[in-house]
Amino acid sequence: MPLFLALPRGGRARAAAWLFALVAAAWLPFYLTHTDTFAAARFTIPNQPASSLRWFGVHDPVTPWWDRPAQMGLGVALGVLAVRRQRWPAVVLLAADARIALDPSVYTYYNASVLLGTLIWDSIGQRRLVPWVSWIALLSLYGSALLIPSDGARGLIRLAFAFGSAAYVLWWPQRMPRGRRDTRRPPNPDPRPAQRHLAPSPGQPPPGPRALSVAPVRLRAWRT
């Protein structure tokens, strides 16, 4: 949804209409034929020991009631901030950061959305040949899950990556694309060459004959 702000004002309504139409076409049959689908909004999962929520002091055995709204609100707020700062390629990564920072579970497929966001940022946001942010995400999230046995340490690494990557994509100076460097022409130091090609005003003679007509007058005045 924050990506709507990156579109021109005239195209936002059409994009929103297409989005809601596609979502309705995909999910409306389930809601009409299986009314129990509404219960999925109240679905809870265990609060695992390696979750980043533990570092916020949340030790509930299952998902807290405020967790899903907080995830959505934080993701939308970070996405709007990224678009306002003209960094729309970071929206996917910021949404994934909000999820892994506040999610009670630590399923490894959550990291796929983080890697997708880092690849978008490396390729479009920073235009790097070597995706450094993606490599850091891969080593931090998957490497910690395979090599670090402590649940609390893994949760801290996930939380540190979420905060660090969000701060990086929002406030670190962006690399200017090569095609946009040195595109401004230097100012013309002498305005006279540019004025030679200007068309004369109506009722005025062109510059060339006028300059030639002055020289003979001065020559006759010197001879007399």
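- Under the salt bridge (charged side-chain N to carboxylate O under 4.0 Å, His left out) criterion, the residue pairs touching residues 144-162 are Asp151-Arg154, with sequence neighbours excluded.
- Panel note: side chain Arg87, backbone Gly125; no donor-acceptor pair is recorded below 3.5 Å.
- For Phe163, there are no ring pair (Phe, Tyr, Trp, His ring centres under 6.0 Å) partners two or more places apart in sequence or in a different chain.
- Leu129 contributes atom CG, which lies 11.0 Å from atom OG of Ser123 (distance to the nearest 0.5 angstrom).
- For Trp171, the side chain to side chain contact (heavy atoms under 4.5 Å, CB included) test picks out Leu81, Arg85, Ala167, with sequence neighbours left out.
- For the pair Ser144 (side chain) and Leu141 (backbone), a donor-acceptor distance under 3.5 Å is present.
- Note that the OH atom of Tyr142 and the OG1 atom of Thr108 stand 5.5 Å from one another [nearest 0.5 Å].
- Atom CZ of Arg84 has 12 or fewer heavy atoms from other residues, nucleotides or ligands within 6.0 Å.
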- Query: Given Arg54 and Asp60, is the salt bridge (charged side-chain N to carboxylate O under 4.0 Å, His left out) satisfied, shown in steps?
  - Reply: CA-CA 9 Å; Arg54 301 283 182 172; Asp60 297 351; over 6 Å; no

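- A donor-acceptor contact shorter than 3.5 Å is absent between the side chain of Asn47 and the backbone of Leu53.
- A side-chain donor from one of Ser134 and Thr118 sits under 3.5 Å from a side-chain acceptor of the other.
- The side-chain heavy atoms of Trp121 and Arg128, taken from C-beta on, include no pair separated by under 4.5 Å.
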